[in-house]
Amino acid sequence: MTNNRFIKATKRLWRSKATIYGKTAAKDDLFDDVSDKLIVADEPCKVILKGLNADTMNMVNNQIYNAKLLIRNGIDIPSGAKITITDVNGHTTKYKQASSGYTAYPSHQEVAMIYSEVAKE
């Protein structure tokens, strides 16, 4: 299978959508400021959950787990980007920490993410 056919086949399996913001320097008159810049919106992707167990709840009801984002190459995802994933059922999940993209694969890049949220009633 050629590389292009592999990429098309892989992306058909990606039914989630990613919206990614990264930090950018901005100048506000005399002050340097950092603001969020939209990198990509509604980009097809796949999230793979790692280490999702019932025992990931700690004493303060904080849920933490690791996940991996699979997304196309050609998107420059900086370390610390804010990533929001909308799954096929319309549920959104916000990831607070992310690594920069690992782009060595010909079909996609991988981004390690950490989900961390206080449990809600």
Determine the minimum heavy-atom distance between [X] and [Y], stating which atoms define it.
| X | Y | value |
| --- | --- | --- |
| Ile85 | Cys45 | CD1-SG, 3.9 Å |
| Arg72 | Trp14 | N-CZ3, 3.7 Å |
| Asn89 | Asp87 | N-OD1, 2.9 Å |
| Ser99 | Ile77 | O-CG2, 4.4 Å |

Task: Check: Pro78 main-chain N/O paired with Ser100 side-chain donor or acceptor under 3.5 Å - done: no
Can you list the residues that meet the side chain to side chain contact (heavy atoms under 4.5 Å, CB included) rule with [X], with sequence neighbours excluded?
| X | value |
| --- | --- |
| Val40 | Ile20, Glu43, Ile75 |
| Thr86 | Thr92 |
| Thr103 | Asn73, Gln109 |
| Thr19 | Tyr21, Leu38, Ala41, Asp42 |

Task: Verify same cluster id: Leu70, Tyr115 (apolar side-chain graph, 4.5 Å) - done: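 Different clusters: Leu70 never reaches Tyr115 through Ile, Leu, Val, Met, Phe, Trp or Tyr contacts under 4.5 Å.
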Open item on the list: Between Ile48 and Tyr65, is there shared hydrophobic-cluster membership here, with clusters defined by ILVMFWY side-chain heavy atoms closer than 4.5 Å?
Closed with: no
TODO: Please list, chain by chain and in numerical order, all residues satisfying side-chain hydrogen bond (donor to acceptor under 3.5 Å, both in side chains) with Lys37, sequence neighbours excluded.
DONE: none
TODO: Apply ring-ring contact (aromatic ring centres under 6.0 Å, His included) to Tyr105 and list each qualifying residue two or more places apart in sequence or on a separate chain.
DONE: Tyr102, His108
